[in-house]
Amino acid sequence: MKVQKMSADRWAISSGSKFEKIAGYSRALVDGEWVFVSGTAGHNPDGSISPDPEEQTRQSVRTIAKALEQASASLADIVRLNVYVADRRDVMTVSKVLGETFSDPRPTNTTIICGFPVEEIKVEIEVTARKRGN
């Protein structure tokens, strides 16, 4: 992950993904105490992606955790999840992983069934976090 400072309390975090440059976004943006993490699919660091929705969810969470770490935050700081799932039959699988990942107080969650431009993607997760102690 690479950090690009815009000011003392605003900076962008890049994972180096080619998609960030192509689509004009950052993996995460820190604005004061808030951290906004872009929709994150379950791509492995080498660019590959598992066909298993459970593993894609776990990898997505790992990538999000790394971005939050760069922002001096953690998964425990997440206040909102937006979860996008390609197939409604995978919702319970994805939900199970998220249930194992988060503890009380759990973040809010909106789950949407949708299509993705890349057929291999089964799940994408977007989060908003608020750093504690600020």
Side-chain angles (χ1 to χ4, degrees):
M1 300 268 174
K2 178 182 169 191
V3 174
Q4 177 188 7
K5 293 269 186 182
M6 292 172 255
S7 70
D9 64 345
R10 186 175 168 98
W11 69 89
I13 298 167
S14 171
S15 67
S17 165
K18 66 180 180 182
F19 300 114
E20 291 172 21
K21 182 146 178 93
I22 291 169
Y25 69 94
S26 297
R27 170 63 40 224
L29 181 71
V30 178
D31 192 348
E33 62 189 18
W34 293 98
V35 183
F36 304 91
V37 181
S38 291
T40 304
H43 289 94
N44 297 307
D46 67 2
S48 66
I49 191 164
S50 169
D52 178 39
E54 181 176 342
E55 179 51 33
Q56 283 192 25
T57 305
R58 292 186 191 287
Q59 181 56 47
S60 177
V61 169
R62 286 190 291 267
T63 302
I64 290 167
K66 286 180 184 174
L68 289 171
E69 183 180 325
Q70 289 292 310
S72 300
S74 72
L75 293 174
D77 295 317
I78 294 173
V79 296
R80 179 160 186 77
L81 295 167
N82 289 321
V83 182
Y84 305 92
V85 181
D87 188 330
R88 73 181 65 251
R89 293 172 292 193
D90 294 332
V91 169
M92 289 311 296
T93 299
V94 171
S95 296
K96 178 182 159 243
V97 172
L98 297 175
E100 294 168 357
T101 301
F102 297 102
S103 58
D104 292 332
R106 295 173 187 269
T108 63
N109 179 339
T110 300
T111 300
I112 299 169
I113 308 303
C114 66
F116 295 107
V118 178
E119 188 176 324
E120 293 80 19
I121 296 174
K122 309 277 188 221
V123 62
E124 183 173 284
I125 302 170
E126 170 189 23
V127 307
T128 303
R130 184 173 180 218
K131 296 190 285 183
R132 297 183 216 191
N134 289 346

- Evaluate the side-chain contact (heavy atoms from CB on, under 4.5 Å) criterion for residues Ile112 and Asn82: first the C-alpha distance (whole Å), next the side-chain angles of each, then the deciding distance (0.1 Å), finally the verdict. CA-CA 8 Å; Ile112 299 169; Asn82 289 321; over 6 Å; no
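- The closest side-chain heavy-atom distance from Leu68 to Asp77 is not below 4.5 Å.
- More than 12 heavy atoms of other residues, nucleotides or ligands shown are found within 6.0 angstrom of CD on Glu100.
- Remark: the backbone N or O of Phe36 is not paired with any side-chain donor or acceptor of Ser38 at under 3.5 angstrom.
- In this structure, the side chains of Leu98 and Ile125 come closer than 4.5 Å at one or more pairs of heavy atoms.
- Ile121 and Val85 fall into different hydrophobic clusters, where Ile, Leu, Val, Met, Phe, Trp and Tyr are joined by side-chain heavy atoms under 4.5 Å apart, directly or via other members.
- Side-chain contact between Leu81 and Phe102 is present, with at least one heavy-atom pair separated by less than 4.5 Å.
- Counted by atom type alone, Arg80 and Thr110 present one or more donor-acceptor pairs between their side chains at under 3.5 Å.
- To the nearest 0.5 Å, atom CD of residue Glu20 and atom OG of residue Ser15 are 3.5 Å apart.
- In this structure, Met92 CE and Glu54 CD are separated by 12.5 Å, a value rounded to the nearest 0.5 Å.
- Using modelled atom types, no side-chain atom of Arg58 and backbone atom of Pro53 make a donor-acceptor pair closer than 3.5 Å.
- Between the side chain of Thr108 and the main chain of Val79, a donor-acceptor pair closer than 3.5 Å is present.
- Under a 3.5 Å cut-off, the side chain of Arg62 and the backbone N or O of Asn44 do not form any donor-acceptor pair.
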- Message: Between Val123 and Asp90, is the side-chain contact (heavy atoms from CB on, under 4.5 Å) condition met? List the steps.
- Response: CA-CA 9 Å; Val123 62; Asp90 294 332; over 6 Å; no
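- Counting only distance, with no hydrogens or angles, the side chain of Gln59 and the backbone of Ile49 share no donor-acceptor pair below 3.5 Å.
- To the nearest 0.5 Å, atom OG1 of residue Thr111 and atom OH of residue Tyr84 are 10.0 Å apart.
- When all heavy atoms of Ile13 and Ala67 are compared, the closest pair comes out as CD1-O, 3.5 Å.
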- Message: Asp87 vs Lys122, test: side-chain contact (heavy atoms from CB on, under 4.5 Å). Steps then yes/no.
- Response: CA-CA 7 Å; Asp87 188 330; Lys122 309 277 188 221; over 6 Å; no
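- With a 4.5 Å cut-off on side-chain heavy atoms, Arg27 and Ile64 do not count as touching.
- For the atom pair Ser74 OG and Arg132 CZ, the distance stands at 6.0 Å (nearest 0.5 Å).
- In this structure, a donor-acceptor pair under 3.5 Å is absent between the side chains of Ser60 and Gln56.
- In the model, Asp46 has a side-chain atom that pairs as donor or acceptor with a side-chain atom of Ser48 under 3.5 Å.
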